[in-house]
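All remarks here apply to the structure that follows.
First the proteins, then the strands, lettered A, B, ... as listed; each starts at 1. Heavy atoms only: backbone and side chains are in, while hydrogens, waters and symmetry mates are out.
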Amino acid sequence: EAQVTQNPRYLITVTGKKLTVTCSQNMNHEYMSWYRQDPGLGLRQIYYSMNVEVTDKGDVPEGYKVSRKEKRNFPLILESPSPNQTSLYFCASSSLTGTSYEQYFGPGTRLTVT
Amino acid sequence: ILNVEQSPQSLHVQEGDSTNFTCSFPSSNFYALHWYRWETAKSPEALFVMTLNGDEKKKGRISATLNTKEGYSYLYIKGSQPEDSATYLCAHSNAGNMLTFGGGTRLMVKP
């Protein structure tokens, strides 16, 4: 089954404790992206990657890091989480061939930083 | 930051009504316009991706049009059903593949 998986789905942590949210896709997609969703602000892009070893900042990259060492994985790293990073996070992937470009979203990770 | 705006923010309709919402975006540096359907407690699902001015796409009772010159897209739902209740998101992508989402239109269809 074609899918995007994220882990963990729920996480409560404390300020300053480094964490990683994993994202993996099995569709051989070139493009992967991270978003955060906050009430009243909609979905905002954090980082995206157009292929292995290629990453770019989105609208709200501060406080986040990403890496793309393998095509299928795109982990989101919070080196020193703060309460303003409490949010719902989505990973997504899409193909860059053809003309579709539709994004496939993961199930979301709800992060709470206290 | 690119401004993608959707209207209305929310909409209540009766089952069987037809409805439409608007997505507006700056027409410069345009590459594609996406529409997604997002049900509560689920992940957004793609409805359409349109790239050409004048594009029209249809999936069942849902259709969309695109005007890149004036910077707007319409999403239409014909004969709304309760299962159409969801938030509908549009997103603009530029040539660099950075996506900017609008705030969404929350549709509630009453039986």
Side-chain angles (χ1 to χ4, degrees), chain A residues 1-6 9-10 23 25 27 29-51 54-62 66 68 74 87-110, chain B residues 1-10 21 23-26 29-53 55 57 59 62 64 66 68 73 75 86-106:
Chain A
E1 182 192 352
Q3 60 181 354
V4 179
T5 56
Q6 294 179 228
R9 294 288 313 279
Y10 302 91
C23 174
Q25 50 93 7
M27 295 168 278
H29 284 166
E30 297 85 4
Y31 185 93
M32 297 186 76
S33 182
W34 277 103
Y35 301 90
R36 60 178 288 175
Q37 196 269 329
D38 302 291
L41 294 175
L43 275 172
R44 293 181 293 168
Q45 194 170 37
I46 303 170
Y47 269 95
Y48 62 101
S49 168
M50 300 203 13
N51 217 322
V54 179
T55 62
D56 284 290
K57 294 178 180 179
D59 284 329
V60 287
E62 296 78 20
V66 292
R68 189 90 183 272
F74 191 45
S87 188
L88 177 59
Y89 291 86
F90 286 101
C91 179
S93 72
S94 71
S95 172
L96 290 178
T97 58
T99 57
S100 180
Y101 311 125
E102 61 186 38
Q103 304 235 332
Y104 293 80
F105 283 81
T109 294
R110 187 166 290 281
Chain B
I1 294 178
L2 209 58
N3 215 18
V4 178
E5 296 184 353
Q6 292 186 245
S7 63
Q9 281 190 330
S10 66
F21 353 113
C23 173
S24 64
F25 53 89
N29 199 20
F30 174 86
Y31 190 71
L33 192 284
H34 304 229
W35 280 101
Y36 292 87
R37 182 171 179 274
W38 192 4
E39 289 182 73
T40 303
K42 294 187 178 180
S43 306
E45 291 182 346
L47 286 171
F48 308 112
V49 180
M50 296 179 286
T51 56
L52 299 175
N53 184 47
D55 257 355
K57 298 230 173 172
K59 189 181 286 188
I62 304 177
L66 178 65
T68 59
S73 175
L75 188 79
T87 296
Y88 291 83
L89 298 170
C90 73
H92 167 288
S93 63
N94 60 20
N97 279 296
M98 181 173 152
L99 256 77
T100 302
F101 280 82
T105 293
R106 188 174 174 216

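- Of the atoms belonging to Trp38(B), it is side-chain heavy atoms, and not backbone ones, that fall under 4.5 Å from chain A.
- Inspection of the Gln45(A) and Ser33(A) side chains reveals an N or O donor paired with an N or O acceptor under 3.5 Å.
- Of the possible donor and acceptor atoms, one in the side chain of Lys59(B) sits under 3.5 Å from a partner among the backbone N and O of Leu47(B).
- The pair Arg36(A)-Asp38(A) meets the salt-bridge criterion, with a side-chain N (NZ, NE, NH1 or NH2) lying under 4.0 Å from an Asp/Glu carboxylate O.
- Side-chain atoms of Gln103(A) and Tyr35(A) include a donor-acceptor pair closer than 3.5 Å.
- Using a 4.5 Å cut-off between heavy atoms, Tyr31(A) touches chain B through its side chain atoms alone.
- Heavy-atom distances place no part of Phe48(B) under 4.5 Å from chain A, backbone and side chain included.
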